[in-house]
Amino acid sequence: MKALSPIEITKLVWRRKLWILVPTVAGLLAGAVAARVLPATYRASTLILVESQRIPSAYVKATVTSTLSERLQTIEQQITSRENLERLVTEMNLYPELVSRGLVDQAIGRARRSLTLQVQSSTIFRIYFKAADPYVAAETANVIAERFIEQNLALREGQAQSTSDFLEAELEETKAQLEEQEARVARFRLRNDGLLPEQRETNLRAIALQQTKLDINLDSIENAEVRKLLLEKEAEAAGESALAQPRTRTRLEELRLEYARMSSRYTSRHPDMVRLKKEIETLERQAAAGGETGPGPVGPELQAVLMDIRRLEDERGRILDEIELYQRRIEISPRIEQELLSLTRDYDNLKDSYNSLLRKRLDARLAENLEKSRQSEQFRILERALPPKAPFAPNRFFLLTLGFGAGFVVGLGLVVLREEMDQTYLDAESLQKAFPGVKILATVPMIRVRQRSPEPRSEEPRRTTA
């Protein structure tokens with residue numbers, strides 16, 4: 001494009017003013033025709049207020065925690081669904097010209113485009129609806145607002161109900177697990193009675209008690225042995241036949257006495273205890289194989305002492321078995337404690353979960369009752385839609401402005417295009433700029449010649465000569 005100065009551009013626009021004026025006037029006329037021809041559309045709006053929960057949340061916590069914008073988006077999707085819009089078109093008799101021709105989908109699409117939801121603040125939003133009839137627009141906006149309120153109530157009640165049902169199911173499942181774990185702990189305690197950690201002190205006291213009994217028993221056996229020896233010596237002195245016992249019998253009793261003394265200090269797995277027990281068992285087998293030599297005719301007192309010794313030896317065996325039993329319990333107790341700790345830990349965790357779910361279920365039921373009693377956050381129509389007096393569309397001023405601007409831009413484009421196609425130069429200066437290497441020798445100004453109108457010829461009167 002030629003480089004033009006502002007003055008040249010002004011001259012160019014003035015010179016080509018018809019190229020701009022004609023499209024501008026045409027665009028303005030087109031905008032006026034569009035503003036006149038396009039059908040009027042009215043938009044009505046309903047103002048809805050979001051009321052907060054009436055009961056303080058410190059007492060009853062709502063289970064619906066979604067934000068207002070999230071719930072409005074969900075409700076808007078439900079309202080603008082095909083099913084709801086089809087029912088709205090049918091009930092409000094919207095777009096009868098489309099419905100009568102069977103174009104229901106197009107009618108639903110127009111209804112969806114005509115519906116608008118706008119959030120104005122955290123507690124206020126508006127519902128807009130556009131229609132060709134102002135009364136239809138207002139009535140439809142009010143109906144949609146009422147359905148918004150119904151959908152919000154249904155949505156909140158459904159969320160509260162689903163939360164309560166979920167917690168109820170989780171609570172029942174956790175309760176069953178808790179009862180099963182409780183039964184497992186009870187069976188473990190019953191199976192390991194006497195080995196439990198809390199019974200350790202009882203086992204130690206039982207060992208101490210049995211040790212005291214063992215000491216008394218050993219003293220009693222020693223005293224009985226002394227009495228037996230004294231009675232045997234008295235019987236020999238009196239010429240009576242003393243109790244004749246083989247060497248193995250005397251050695252067996254000594255070993256038993258030694259085993260009883262050492263058991264008060266060592267366990268049954270001590271090497272000396274094991275050695276003594278093997279030697280005792282060997283002598284017992286020898287005595288059983290060779291037979292025992294009876295005491296012969298002894299006095300009643302000696303027989304009573306012998307019977308007392310046997311009884312004390314049996315009692316000593318029972319005491320040693322008891323001590324060994326309690327010692328084994330104490331040795332096994334740490335392992336039992338670890339197993340019980342694992343079972344108890346799982347039981348405590350399940351119990352904590354159960355108590356937590358129990359509290360949450362109670363809160364969910366309170367929230368559900370809160371929703372059903374309409375005491376929670378609610379939508380309320382603050383201003384019902386009224387039939388608008390002026391149409392919302394078309395915007396006639398905008399159409400006129402658009403037509404004027406479009407025509408003017410088209411005119412400028414035509415001027416630029418005409419100027420690019422024009423190869424003439426209007427003055428010497430523009431010619432010199434176009435051809436800087438060419439010298440201009442002379443310029444001839446434009447001479448405008450006005451055509452003169454032909455002068456009327458004067459007709460002389462004929463002279464008549466006589």
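If you're wondering where the values come from, they're calculated on a predicted model, not measured in any experiment.
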List, one per line, each side-chain donor-acceptor pair under 3.5 Å for residues 193-201, sequence neighbours excluded.
unit_1, atom_1, unit_2, atom_2, d
Asp193, OD1, Gln199, NE2, 2.9
Glu198, OE2, Arg189, NH1, 2.4
Gln199, OE1, Gly194, N, 2.4
Gln199, OE1, Leu195, N, 3.3
Gln199, OE1, Leu196, N, 3.4

Under the side chain to side chain contact (heavy atoms under 4.5 Å, CB included) rule, collect the residues that match up with [X], sequence neighbours excluded.
| X | answer |
| --- | --- |
| Arg110 | Tyr95, Glu97, Leu98, Arg113 |
| Leu85 | Thr80, Leu88, Ile108, Ala111, Arg112 |
| Phe166 | Glu170 |
| Thr344 | Leu340, Asp348 |

Side chains of [X] and [Y]: does their closest heavy-atom pair fall under 4.5 Å?
| X | Y | answer |
| --- | --- | --- |
| Tyr326 | Leu209 | no |
| Leu115 | Ile127 | yes |
| Arg87 | Glu83 | no |

Straight-line distance of [X] [atom1] to [Y] [atom2], nearest 0.5 Å:
| X | Y | atom1 | atom2 | answer |
| --- | --- | --- | --- | --- |
| Ile48 | Leu117 | CD1 | CG | 7.5 Å |
| Leu350 | Asn355 | CG | CG | 11.0 Å |
| Thr174 | Lys351 | OG1 | NZ | 14.5 Å |
| Glu313 | Leu218 | CD | CG | 10.5 Å |
| Arg359 | Leu362 | CZ | CG | 10.5 Å |
| Leu325 | Ile330 | CG | CD1 | 10.0 Å |

If the condition is side chain to side chain donor-acceptor pair (under 3.5 Å), which residues does [X] pass it with, not counting sequence neighbours?
| X | answer |
| --- | --- |
| Asp219 | none |
| Ser220 | none |
| Ser164 | Glu368 |

Heavy-atom closest contact ([X] atom, [Y] atom, distance):
| X | Y | value |
| --- | --- | --- |
| Tyr42 | Ala132 | CD1-O, 3.3 Å |
| Thr24 | Phe408 | OG1-CA, 3.2 Å |
| Thr46 | Ala145 | CG2-CB, 3.7 Å |

Applying salt bridge (charged side-chain N to carboxylate O under 4.0 Å, His left out), which residue pairs with at least one partner in residues 317-332 are found, sequence neighbours left out?
-> Arg269-Glu331

If a pair satisfies salt bridge (charged side-chain N to carboxylate O under 4.0 Å, His left out) and one of its residues is in residues 130-147, list it, with sequence neighbours excluded.
->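 Every salt bridge (charged side-chain N to carboxylate O under 4.0 Å, His left out) pair that includes a residue of residues 130-147, provided the two are not neighbours, is Glu91-Arg147, Glu146-Arg384.
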
List for me each residue that meets salt bridge (charged side-chain N to carboxylate O under 4.0 Å, His left out) alongside Arg205, sequence neighbours excluded, and say none if there are none.
-> none

Can you name the salt bridge (charged side-chain N to carboxylate O under 4.0 Å, His left out) partners of Glu180, sequence neighbours left out?
-> Arg184

Can you tell me if [X] uses its side chain to pair, donor with acceptor, with the backbone of [Y] under 3.5 Å?
| X | Y | value |
| --- | --- | --- |
| Ser342 | Gln338 | no |
| Asn142 | Ala385 | yes |
| Ser353 | Asn349 | yes |
| Gln181 | Leu343 | yes |

Take Val89 and Val104 through the test side-chain contact (heavy atoms from CB on, under 4.5 Å) and record every step on the way to the result.
-> CA-CA 9 Å; Val89 169; Val104 180; over 6 Å; no

Chi angles and distances behind the side-chain contact (heavy atoms from CB on, under 4.5 Å) call for Arg316, Ile319 | CA-CA 5 Å; Arg316 181 190 60 192; Ile319 293 173; 5.6 Å; no

Given Ile323 and Gln327, is the side-chain contact (heavy atoms from CB on, under 4.5 Å) satisfied, shown in steps?
-> CA-CA 6 Å; Ile323 291 175; Gln327 288 177 345; 3.6 Å; yes

Please indicate whether Phe404 has more than 12 foreign heavy atoms, meaning atoms of other residues, nucleotides or ligands, lying under 6.0 Å from its CZ.
->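 No.
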
Please check if atom CZ in Phe188 has more than 12 non-hydrogen atoms from other residues, nucleotides or ligands closer than 6.0 Å.
->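 Counting neighbours around CZ of Phe188, more than 12 heavy atoms of other residues, nucleotides or ligands fall under 6.0 Å, so yes.
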
From CA spacing to verdict: side-chain contact (heavy atoms from CB on, under 4.5 Å), Arg82, Asp105 | CA-CA 9 Å; Arg82 176 183 174 82; Asp105 291 338; 2.5 Å; yes

